[in-house]
Amino acid sequence: MPASSFLQDKKFLGFLFKFLGMFALFYLVCKAVIGLSAPGNYYIPFVQDHLDFISGIKNTLILGSKFLLSLFGVSTVRVPNYALRIPGGRGIIISMSCVGYAVYSFWLAYCLAGHKVLKSKLLWAFGGLFLLWLINTCRIAGYLYVINQGQNMPLGIDHHTWFNIFAYLAIFVMIYFYERSS
């Protein structure tokens, strides 16, 4: 085995371990915050009051979806418990599975495990997180509109699956450009 091949394999394995470790950490932190901030079995008020960033993401998804629909002349009202409704129509609840923390964790781990300088990593990470959030906002707004038109999602595919398709396509495109950037 040539020395350069060994070094490339070692570099890749280092990246892979960092990526998998950070992904697991970010994903599990999200799951822990969700579990510890919801009243019930393992509820910790401090987590809900001071560390619950997941509810913040849910709020921004509602506000973003509300704004996006307003651009198309669709009126919506915010309802308690992370819900959005079209007046006189149906509504949706932004559940924990709607947040997208798995794809956010994947992208964040990929950027931070990469070989770039910290400033570049952070720019790519936050830019990508914003794009993924925007895709999620479009999905939520689109789903609310579609169900109020009495229609089904395109091709009969669930809106969560549509989000995953578009989010991971975006991630693969971002990875391509991330790796090609200097």
Side-chain angles (χ1 to χ4, degrees), residues 15-69 76-86 90-114 118 121-148 153 157-172 174-175 178:
F15 165 80
L16 187 62
F17 286 127
K18 284 193 288 186
F19 166 72
L20 292 174
M22 282 190 269
F23 173 74
L25 175 69
F26 298 150
Y27 184 80
L28 293 174
V29 164
C30 290
K31 296 289 273 183
V33 167
I34 290 168
L36 297 173
S37 63
N41 294 335
Y42 301 105
Y43 175 66
I44 300 175
F46 178 82
V47 174
Q48 182 183 20
D49 295 340
H50 303 288
L51 303 175
D52 182 16
F53 63 92
I54 300 292
S55 292
I57 296 171
K58 287 170 67 171
N59 280 321
T60 66
L61 289 168
I62 290 170
L63 294 172
S65 299
K66 184 175 180 53
F67 175 74
L68 184 60
L69 286 166
T76 58
V77 290
R78 188 170 180 177
V79 186
N81 296 322
Y82 305 103
L84 190 62
R85 172 179 309 283
I86 290 180
R90 297 178 68 185
I92 57 170
I93 297 172
I94 309 299
S95 68
M96 292 302 176
S97 63
C98 293
V99 172
Y101 56 87
V103 294
Y104 300 151
S105 297
F106 183 97
W107 176 246
L108 193 56
Y110 186 87
C111 286
L112 296 180
L118 184 60
K121 288 180 184 184
L122 292 176
L123 285 171
W124 276 96
F126 287 112
L129 289 175
F130 177 74
L131 178 60
L132 294 169
W133 174 88
L134 187 60
I135 291 168
N136 203 3
T137 300
C138 291
R139 181 264 305 214
I140 291 166
Y143 182 62
L144 180 60
Y145 182 77
V146 165
I147 64 170
N148 276 280
M153 292 299 290
I157 297 175
D158 173 77
H159 64 99
H160 285 276
T161 303
W162 277 118
F163 169 68
N164 286 327
I165 290 168
F166 281 104
Y168 281 107
L169 277 173
I171 285 174
F172 293 133
M174 289 188 296
I175 286 172
Y178 176 83

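Only a predicted model underlies this, so the values are computations on that prediction, with no experimental measurement involved.
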Value for NZ (Lys31) from OH (Tyr101), rounded to nearest 0.5 Å, stands at 3.5 Å
Taken to the nearest 0.5 Å, the spacing of Ile175 CD1 from Trp124 CH2 works out to 10.5 Å
Within 6.0 angstrom of Tyr145 OH, more than 12 heavy atoms from elsewhere | no
By side chain to side chain donor-acceptor pair (under 3.5 Å), Tyr82 pairs with (sequence neighbours left out) Ser55
All heavy atoms of Arg90 vs all of Asn148, minimum pair found to be N-OD1, 2.6 Å
Rounded to the nearest 0.5 angstrom, the CG-CG distance for Leu134 and Leu61 is 10.5 Å
Residue set satisfying side chain to side chain donor-acceptor pair (under 3.5 Å) with Lys121, at least two apart, ordered chain then number -> none
By side-chain contact (heavy atoms from CB on, under 4.5 Å), Arg139 pairs with (sequence neighbours left out) Cys98, Asn136, His159, His160, Phe163
Contacts of Leu25 meeting side-chain contact (heavy atoms from CB on, under 4.5 Å) (sequence neighbours excluded), chain-then-number -> Val29
Ser95 meets the side chain to side chain donor-acceptor pair (under 3.5 Å) criterion, sequence neighbours left out, with Ser97
Of all heavy-atom pairs linking Leu51 and Val33, the shortest is O-CG1, 3.6 Å
- Specify whether Phe23 and Tyr27 have parallel, tilted or perpendicular ring planes, treating 30° as the upper limit for parallel and 60° as the lower limit for perpendicular. parallel
By side-chain contact (heavy atoms from CB on, under 4.5 Å), Ile93 pairs with (sequence neighbours left out) Ala83
Between the CG atom in Asn81 and the CD1 atom in Ile94, the distance rounded to the nearest 0.5 Å is 12.0 Å
query: Aromatic ring centroids of Phe106 and Tyr168 under 6.0 Å?
result: yes
| said: I want to check something: taking the side chain as every heavy atom from C-beta on, are Trp107 and Val103 in contact at a cut-off of under 4.5 Å? | reply: no
For a side-chain contact (heavy atoms from CB on, under 4.5 Å) check, start with the C-alpha distance between Leu112 and Lys18, then their side-chain angles and the critical distance, and finish with the verdict.
CA-CA 8 Å; Leu112 296 180; Lys18 284 193 288 186; over 6 Å; no
The ring-ring contact (aromatic ring centres under 6.0 Å, His included) partners of Tyr110 (sequence neighbours excluded) come to Phe15, Tyr178
Taken to the nearest 0.5 Å, the spacing of Ile92 CD1 from Ile140 CD1 works out to 6.0 Å
Sorted by chain and residue number, the ring-ring contact (aromatic ring centres under 6.0 Å, His included) partners of Phe172 (sequence neighbours excluded) come out as none
The ring-ring contact (aromatic ring centres under 6.0 Å, His included) partners of Tyr43 (sequence neighbours excluded) come to none
Heavy atoms of Ile147 and Gly91 approach each other most closely as CD1-O, 3.9 Å
> Would a distance-only check, ignoring hydrogens and angles, find a side-chain to backbone donor-acceptor pair under 3.5 Å from Tyr104 to Val99?
Replying inline: yes
So CZ of Phe53 and SG of Cys30: to nearest 0.5 Å the spacing works out to 4.0 Å
Residues passing the side-chain contact (heavy atoms from CB on, under 4.5 Å) test with Ala24, sequence neighbours excluded, are none
Between Ala170 and Leu132 the two heavy atoms that sit nearest each other are CB-CD2, 4.5 Å
Side chain to side chain donor-acceptor pair (under 3.5 Å) filter on Ser65, not counting sequence neighbours, yields none
For Phe166, the ring-ring contact (aromatic ring centres under 6.0 Å, His included) test, sequence neighbours excluded, returns Trp162
**OP:** Indicate yes or no for a side-chain donor-acceptor contact from Asp52 to the backbone of Val47 under 3.5 Å, with no hydrogens or angles considered.
**Re:** no
